[in-house]
Amino acid sequence: MSSMNTMRTTAPTSLWQRMVHLPREARDTLFLLLVIAWLIMPQVARLPVWCSAMAAGILLWRGAIALRNQTLPSRWWLVLLLSLAMAGTYYSHRTLVGRDAGVTFIVVLLALKTLELRAQRDAFVVFFLGFFTLLSNFFFSQSLPLAAAMLIGLMGLLTALVMSHMPVGKPPLIHAARTAGWMCLLGAPIMVVLFVLFPRVAPLWGVPSDAMSGRSGLSGNMKVGSIASLALDESVAMRVRFEGPAPAQRDLYFRGPVLSSFDGREWRALRSAFPPRMQLGAELQVTGAPIRYQVTLEANNRPWILVLDAAPEAPRMNGYQATMSADLQWTADKPMADLVRYSAQSYTNFTHGPTRLATGLQDFVDLPPTYNPRTLQLAAEMRRDPRWAQADAAKLVDAVMDKLRTGGYSYTLEPGVFGTHTADEFWFDRKAGFCEHIASSFVLLMRALDVPARIVTGYQGGEINSVDGFWTVRQSDAHAWSEVWIAGRGWVRVDPTSAVAPGRTGGLQRLQAPRNAVTEALAGAMGPQVALNMRAMWDAVNNRWNQWVLNYTQSRQLDLLRNIGFESPSWEDLGYVLIGIVISVSLGGAAWTLWDRHRQDPWLRLLHQAQQRLTQAGFAVPAHAPPRQMVAVLRQHQAAAYPELADWLLRLEAWRYAPAHSAPGTLQQLQRSFRHLPWPEKPPR
């Protein structure tokens, strides 16, 4: 038993000692492999499976070679693996060019290059590929966590680069990391100046030829049950900042796609059968004071410009042209593939659409045949009822809303999968659904009652962040409501969900997505209020990152110039200011260098350079050793070595301490001959 305990205690110690006492080359190689793995890790979810597996296998193989001090594989192995990588890239992307194919190939090349780390030149190629791989992460995401991870990766690459320039001895990694940190700090002012003033046309990470995919958000059509999937997504859809007091939460309806055509399975945008001259117009009229606000919309690859109902004027945004349709939906001329910021003003008191019966309204009462027969029967029974036989549209809306309030209907995130007759199942069988189930069933019943109706999708509500004052609208706030046409009033918003669950639109009991075990454990450990405060703080930090980094556009650059005195700045002015700063800093650096040279004793500076050369060569020379002591250290290790260097050191000492024996101008001669001396390059044995 005691021997077992001895084995358990000594095995980890021996492994740790083995790691500590690794040769310099093996230690540096393992560190570089860890940095490469860190750079590749954020892209694993986007890379083909074979690419991630190949990169991981190669890095593990190279690590085993370093640990066991084995020889590197032959070039035939590299040719074979490279051919497989090219074939796999073409098979996965059907091309060898473009963003996705290029990133896949560069990851494999970075991993393969580690298998031929034979010289310092090979290491520099690995560093170059590593920096490019680091940059390629921003092609897909520019989030704050990724930026922090890549900053760590940058420090790792710089540390490995510094280590490659320390060929003597076995310097500790912390020393190289400290040097890399100073390099980052010294380069930070240059980075800030270039970020603020370098003229930009598009984001550095933008690749126009590659369409963005896989982003969640509202779609141009709605299959009953699709918005419920967004309710499970807690990611941010947009952030809103109001210039004055914010409207009540029940009035925060951000308008998205308007859906008016139903084929029995899916709602789509209207394709009218009438000629353009007979189609309906917007006829928007607003009253009251406008609500001014700014929206920071997350990238979603959709053209929808989400505005608060209703916005008569086009939102002010850079790089996009906005147009409004007849149903008050604002769209851009291209998808929002990047973070977009725009300003808008809306009115919560408005009317739109025709006030009298028009031919184009027929599109909004059409129903697909053979679908939802029980809903059609319900409408027929209501029409035969004396109470509703001669009722107008407003009274019919009140009757259906009253049915929703008193009929035992409920609002749920998990209504289950609906069948073919979605409205029948909601009205008669399940009596439970999410907002699109309720809105779709309501609109179908209103159409069956010959009342024009349509569905509007978008976002409703949100939550104010107490840290920065922004309203955060999440994907879980995705919502669907309806609009009905009432004679004399035009299109009127009716939200049937408010009849089933008033708290959904009022903010009193907004539903939340189910949390996993980890989230529940954290909330239980910290307390719900602490968890909410941490979430608000994180959202505020992310918002600052979006506002001041990702959304720093050319217009904001020009605003900066305008604030410092330019009347009508342009991108040429940005270039002039940047060139002026570069020239000023360069002249300042040159002046400081000249001043420092005159301030410092040239003899002491030359002596310090000699001491540094000998220390780099491995000689134990004290920091303040005189030239004669340096000669003694040289002769202690190699008696007859470097006679020219020893003679130069003695002449340097004589110039300072025996000037009578030194001819005029000897110091300048010593400075010139310093560059040509045979300095030791390897440490003495």
Side-chain angles (χ1 to χ4, degrees), residues 6-41 51-85 106-131 133-134 152-153 155-180 615-620 637 680-685:
T6 304
M7 292 178 61
R8 290 175 182 174
T9 55
T10 57
T13 304
S14 61
L15 179 60
W16 172 252
Q17 290 177 350
R18 182 182 177 188
M19 296 296 294
V20 170
H21 297 288
L22 280 175
R24 164 74 183 280
E25 181 181 355
R27 187 201 66 173
D28 292 356
T29 301
L30 291 176
F31 178 76
L32 181 58
L33 294 177
L34 288 175
V35 173
I36 293 173
W38 179 267
L39 298 177
I40 296 175
M41 197 179 302
C51 178
S52 302
M54 177 179 284
I58 293 174
L59 294 180
L60 291 174
W61 185 14
R62 185 62 180 89
I65 292 174
L67 285 173
R68 299 171 183 174
N69 197 22
Q70 297 175 339
T71 59
L72 294 175
S74 65
R75 295 190 181 275
W76 290 109
W77 273 104
L78 299 178
V79 172
L80 175 61
L81 293 174
L82 181 61
S83 302
L84 292 175
I106 201 70
V107 167
V108 178
L109 286 180
L110 176 59
L112 285 175
K113 188 60 183 177
T114 61
L115 293 178
E116 54 176 6
L117 273 173
R118 294 181 172 86
Q120 193 179 48
R121 179 187 62 184
D122 299 321
F124 290 157
V125 175
V126 172
F127 296 145
F128 174 79
L129 292 174
F131 285 118
T133 303
L134 183 151
I152 297 174
M155 281 292 300
L157 281 177
L158 289 178
T159 301
L161 183 62
V162 171
M163 292 296 296
S164 67
H165 286 82
M166 295 180 174
V168 177
K170 191 178 179 181
L173 285 174
I174 189 64
H175 177 68
R178 189 181 300 114
T179 304
T615 302
Q616 291 176 359
F619 292 94
H637 293 282
E681 296 182 357
K682 296 182 180 181
R685 295 182 180 179

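For reference, positions follow the sequence shown, starting with 1. Only a predicted model underlies this, so the values are computations on that prediction, with no experimental measurement involved.
- The side-chain contact (heavy atoms from CB on, under 4.5 Å) check on Ala177 picks up Thr159, with sequence neighbours excluded.
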So Trp77 and Leu112, side chain to side chain contact (heavy atoms under 4.5 Å, CB included) or not? Walk me through it.
-> CA-CA 10 Å; Trp77 273 104; Leu112 285 175; over 6 Å; no

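- Under the side-chain contact (heavy atoms from CB on, under 4.5 Å) criterion, Leu78 pairs with Leu115, Glu116, not counting sequence neighbours.
- We find the CD1-OG1 distance between Ile40 and Thr133 to be 6.5 Å, quoted to the nearest 0.5 Å.
- Annotation: side chain of Leu161 is not in contact with side chain of Leu157 (no heavy-atom distance under 4.5 Å).
- The shortest non-hydrogen separation linking Ala160 to Leu32 is CB-CD1, 4.0 Å.
- Side chains of Leu34 and Leu30 form no contact here, defined as non-hydrogen atoms less than 4.5 Å apart.
- To the nearest 0.5 Å, atom OG of residue Ser52 and atom CE of residue Met41 are 11.0 Å apart.
- Sequence neighbours left out, not one pair with a member in residues 51-64 passes salt bridge (charged side-chain N to carboxylate O under 4.0 Å, His left out).
- With sequence neighbours left out, Arg178 forms a salt bridge (charged side-chain N to carboxylate O under 4.0 Å, His left out) with no residue at all.
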Phe127 vs Leu158, side chain to side chain contact (heavy atoms under 4.5 Å, CB included): CA-CA, chis, key distance, verdict | CA-CA 9 Å; Phe127 296 145; Leu158 289 178; over 6 Å; no

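- Among residues two or more places apart in sequence or in another chain, the side-chain contact (heavy atoms from CB on, under 4.5 Å) test is passed with Leu173 by Arg27, Phe31, Met163.
- Taking each heavy atom of Gly153 and Val35 in turn, the nearest pair found is O-CG1, 4.0 Å.
- Looking only at side-chain heavy atoms (C-beta outward), Ile58 and Thr114 come within less than 4.5 Å of each other.
- Listed here is the closest heavy atom pair of Ala66 and Ala26: O-CB, 3.4 Å.
- In plain terms, the two heavy atoms of Ala111 and Ala55 that are nearest each other are CB-CA, 4.0 Å.
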Step by step, would you call Leu109 with Leu82 a side chain to side chain contact (heavy atoms under 4.5 Å, CB included)?
-> CA-CA 8 Å; Leu109 286 180; Leu82 181 61; 3.6 Å; yes

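- Contact between Ala85 and Val108 at its shortest, heavy atoms only, is CB-CG1, 3.3 Å.
- Taking the side chain as every heavy atom from C-beta outward, Val107 and Cys51 approach each other to under 4.5 Å.
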Run the side chain to side chain contact (heavy atoms under 4.5 Å, CB included) check on Ile65 and Trp61 step by step: do they pass?
-> CA-CA 6 Å; Ile65 292 174; Trp61 185 14; 3.7 Å; yes

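- Residue pairs meeting the salt bridge (charged side-chain N to carboxylate O under 4.0 Å, His left out) criterion with at least one partner in residues 28-37, sequence neighbours excluded, are Arg24-Asp28.
- Applying the 6.0 Å contact sphere to CZ of Phe128 captures no more than 12 heavy atoms from other residues, nucleotides or ligands.
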